[in-house]
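Numbering of residues begins at 1 and proceeds along the displayed sequence.
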Amino acid sequence: MFNERTAIGLDVHARSVRAAAIDTLTGEVIEARLPAGAADVLAWVMQVSARLGPVHAGYEAGPTGFGLARKLEAAGIAVTVGACQVFCVSGLVLVVRGRG
């Protein structure tokens with residue numbers, strides 16, 4: 001269940017991260033291109049949170065695995081991580097069966 005005001009999607013790659021946030025009350029969208037380091041991503045997420053209130057971030061595990069999620073959670077940011085064939089939410093692992 002999504003209880004936060006702002007949703008953040010992160011497209012994480014080895015060398016960069018594309019980030020987008022949408023304020024669910026106003027429809028405002030904020031986008032950024034960030035270096036791949038977790039510290040830079042965390043700083044951007046914290047700026048968005050300070051401006052728009054509580055956020056929930058999500059990304060597909062890839063080059064950063066779950067390290068980024070651990071850093072976000074340690075900072076008090078709600079985060080959902082998706083992985084190929086496995087979807088993880090708050091420590092629960094649900095198997096997702098692909099179609100095709």
Side-chain angles (χ1 to χ4, degrees):
M1 183 72 173
F2 183 76
N3 297 314
E4 293 76 16
R5 172 179 170 171
T6 303
I8 294 178
L10 303 168
D11 185 15
V12 180
H13 295 273
R15 295 185 181 153
S16 67
V17 175
R18 291 296 305 248
I22 184 164
D23 182 329
T24 60
L25 295 180
T26 66
E28 177 183 4
V29 174
I30 302 169
E31 296 179 277
R33 185 177 302 216
L34 307 166
D40 294 306
V41 175
L42 176 60
W44 184 82
V45 170
M46 296 303 287
Q47 288 175 354
V48 171
S49 180
R51 179 175 166 196
L52 300 178
V55 301
H56 191 121
Y59 72 95
E60 180 182 9
T64 61
F66 294 91
L68 176 57
R70 286 190 288 274
K71 289 189 185 278
L72 291 169
E73 287 177 340
I77 301 297
V79 62
T80 300
V81 180
C84 186
Q85 301 299 321
V86 177
F87 192 68
C88 302
V89 182
S90 301
L92 299 176
V93 177
L94 306 171
V95 175
V96 178
R97 297 190 181 180
R99 297 178 190 227

With sequence neighbours excluded, residues passing side-chain hydrogen bond (donor to acceptor under 3.5 Å, both in side chains) with D40: none
Spatial distance of atom CG (L68) from atom CG (L42) [nearest 0.5 Å]: 8.0 Å
Identify the residue among V17, V79, V81 that makes a side chain to side chain contact (heavy atoms under 4.5 Å, CB included) with L10. V17
CD/Q47 to CG/L52 distance, rounded to the nearest 0.5 angstrom? 11.5 Å
Could you check if a side-chain atom of V41 sits within less than 4.5 angstrom of a side-chain atom of V12, using non-hydrogen atoms only? no
Gap between atom OG1 of T6 and atom CD1 of I30 - 0.5 Å precision: 7.5 Å
Within this structure, what is the CD-CZ distance for the pair E73 and F66, rounded to the nearest 0.5 Å? 10.5 Å
Quick check for you: to the nearest 0.5 Å, what is the distance between H56 atom NE2 and T24 atom OG1? 12.5 Å
Of all heavy-atom pairs linking A36 and S16, the shortest is CB-N, 3.7 Å
What salt bridge (charged side-chain N to carboxylate O under 4.0 Å, His left out) pairs are there with at least one residue in residues 16-30, not counting sequence neighbours? R5-D23, E28-R51
Check: A69 main-chain N/O paired with Y59 side-chain donor or acceptor under 3.5 Å: yes
Taking every non-hydrogen atom, the tightest pair across V48 and A21: CG1-CB, 3.9 Å
How about V45 and I8: do any of their side-chain heavy atoms sit closer than 4.5 Å? yes
Can you name the side-chain contact (heavy atoms from CB on, under 4.5 Å) partners of A43, sequence neighbours left out? none
With rounding to the nearest 0.5 angstrom, report the CD1 to OG distance, I77 to S49. 4.5 Å
Minimum heavy-atom distance between W44 and A19, given as atom pair plus value: CZ3-CB, 3.5 Å
